[in-house]
Amino acid sequence: MKPAFPKILDSTMIASFRACPYRFSLEYLHHWKPKVNSVHLHAGGAYAKGLEKAREAFYVEGKTEDEAHAIGLGALLHTYGDFECPADSAKSCERMAGAFEYYLQQYPLANDAAKPISLPSGDRGIEFSFAEPIDVTNPETGDPILYVGRMDMIVEYAQGVFGLDDKTTSSLGGSWSKQWDLRSQFTGYCWGASQAGIPLQGFLVRGVSILKTKYETQQALTYRPKWMIDRWYEQLLRDVARMQQMWESGVWDMNLDHSCVEYSGCVFRQPCLSIDPQPWLEGSFTRRVWNPLTRQEEGAE
Amino acid sequence: MSAQSPELQSKISIWRQKALEGTLSVEELKEAILALRAGRTSAAHASETARRTKAKAEIPSADDLLAELGNF
């Protein structure tokens with residue numbers, strides 16, 4: 001039976017499709033996920049929740065910096081929960097808590113050069129979400145497909161309005177700042193914010209590296225002029241059209257190349273090494289549904 | 001080697017458990033922030049001190065060096 005075609009797309013799903021359409025179909029149409037949650041996803045989510053709550057406490061609720069730090073740390077610890085960090089990962093609860101404290105020392109809430117804007121609704125630009133229709137309809141419902149996103153903040157910075165995204169990483173080298181200039185995630189966020197009536201000049205990306213004995217940070221400012229956003233949108237429509245063609249035919253193209261080994265290797269490597277992937281999928285994976293709006297995985301129905 | 005001492009890691013484990021139980025107070029969290037900061041700056045200082053420490057070699061005096069040149 002053909003799986004449902006997505007009604008909602010986001011940058012994570014599009015990145016998966018571009019890397020390997022077959023992987024995309026397994027991950028987001030059939031919802032196969034590794035049995036153990038990714039430590040990067042889990043730890044990153046806890047870190048983001050901590051920063052979100054600290055910012056809300058300070059900028060919205062008017063708490064003192066110390067109180068806001070404490071509230072944010074509480075949210076980080078609660079979200080991390082009882083997740084067992086792999087022994088070879090630096091993203092333990094303790095190290096993420098340390099990274100959180102380090103970030104707020106480097107970018108103090110009271111003196112941060114990047115402050116969340118006030119939106120027309122009266123809200124502050126903290127965890128800004130958008131869901132905008134694109135010019136492609138869902139082949140099953142006939143409704144426009146929604147492209148959604150959720151950015152950490154929209155800020156006033158350097159006499160402009162930018163999105164802000166926080167990243168954690170294992171290392172920050174000289175090339176770290178250069179990887180964002182064509183990043184589809186940020187171009188899509190700029191498109192979505194523009195559609196929502198809030199044009200952005202680009203993105204401020206803040207990275208914190210979690211090393212064995214210390215933390216480091218870098219910032220990168222990457223611009224998105226209108227022509228880049230328009231180009232991104234046209235490419236998105238072509239990608240979704242290809243996605244629909246593969247869905248209709250039931251044949252999903254496979255990368256069978258660098259995507260299989262990048263970023264610690266594709267999670268579906270073992271099924272793809274087998275003439276019959278189904279037993280591998282049913283034995284080694286579970287079904288969890290990616291929610292693009294909350295950016296969390298949820299249990300499949 | 002971790003930036004966090006065993007004592008700090010132990011405290012974090014306690015705070016983590018209390019956060020899960022919903023019994024962690026704001027005052028305890030403020031204490032946690034201070035402990036994390038102290039642990040981080042302490043580890044950074046220890047790392048910097050270890051990096052700067054070098055084996056001390058006796059530096060010959062300029063007079064001795066000139067005297068040696070005079071022997072040639």
Side-chain angles (χ1 to χ4, degrees), chain A residues 42-43 46-47 49-51 53-54 56-58 61 63-85 87-109 170 208-217, chain B residues 1-69 72:
Chain A
H42 187 83
Y47 180 79
K49 181 60 72 175
L51 288 177
K53 292 303 177 186
E56 280 180 359
F58 184 78
E61 298 167 25
K63 303 283 189 194
T64 65
E65 259 194 296
D66 286 348
E67 286 174 322
H69 289 185
I71 290 167
L73 179 62
L76 183 155
L77 294 175
H78 187 263
T79 305
Y80 201 104
D82 57 2
F83 180 83
E84 292 276 347
C85 175
D88 61 350
S89 173
K91 294 185 176 179
S92 65
C93 184
E94 296 82 2
R95 295 298 285 158
M96 296 312 292
F100 172 82
E101 182 279 319
Y102 171 79
Y103 181 100
L104 291 174
Q105 275 288 90
Q106 296 299 310
Y107 307 108
L109 292 168
S170 56
V208 168
S209 62
I210 303 172
L211 306 171
K212 281 184 184 175
T213 58
K214 61 180 179 177
Y215 304 98
E216 288 179 341
T217 186
Chain B
M1 181 178 109
S2 170
Q4 293 161 336
S5 65
E7 183 190 355
L8 179 57
Q9 288 185 39
S10 175
K11 283 184 179 177
I12 293 172
S13 293
I14 294 170
W15 291 321
R16 188 179 169 186
Q17 185 59 37
K18 294 189 84 173
L20 280 171
E21 294 165 356
T23 60
L24 194 53
S25 69
V26 171
E27 289 308 311
E28 285 175 304
L29 285 162
K30 285 182 182 179
E31 180 192 332
I33 290 283
L34 290 174
L36 286 165
R37 189 166 302 151
R40 179 171 58 78
T41 53
S42 171
H45 176 73
S47 179
E48 186 65 20
T49 302
R51 191 180 66 82
R52 285 182 178 165
T53 301
K54 295 177 185 176
K56 290 186 179 175
E58 187 176 327
I59 302 171
S61 73
D63 291 336
D64 290 343
L65 289 171
L66 285 170
E68 284 183 26
L69 284 173
F72 286 109

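Quick caveat: nothing in here was measured; it's all calculated off a predicted structure. Quick note: numbers below take in every heavy atom, side chains included, and nothing from hydrogens, waters or symmetry partners.
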Taking only distance into account, with no hydrogens and no angle test, what donor-acceptor pairs under 3.5 Å do side-chain atoms of residues 76-85 of chain A form with protein atoms, sequence neighbours excluded?
residue	atom	partner	partner atom	Å
Thr79(A)	OG1	Ala75(A)	O	2.8
Tyr80(A)	OH	Lys91(A)	O	2.7
Tyr80(A)	OH	Cys93(A)	N	3.4

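With a 4.5 angstrom heavy-atom cutoff, Ile33(B) touches chain A via backbone and side-chain atoms both. For Glu67(A), the parts sitting under 4.5 Å from any heavy atom of chain B are the backbone and the side chain alike. Looking at Tyr102(A), the atoms closer than 4.5 Å to chain B (heavy atoms on both sides) sit in the backbone and in the side chain alike. In this structure, chain A has heavy atoms under 4.5 Å from both the backbone and the side chain of Leu36(B).
The NZ atom of Lys214(A) sits 8.0 Å away from atom OG of Ser209(A), with the distance rounded to the nearest 0.5 Å.
With sequence neighbours excluded, the residues that form a side-chain contact (heavy atoms from CB on, under 4.5 Å) with Ala35(B) are Leu8(B), Trp15(B).
In this structure, Arg95(A) contributes its side chain and Leu211(A) its backbone to a donor-acceptor pair below 3.5 Å.
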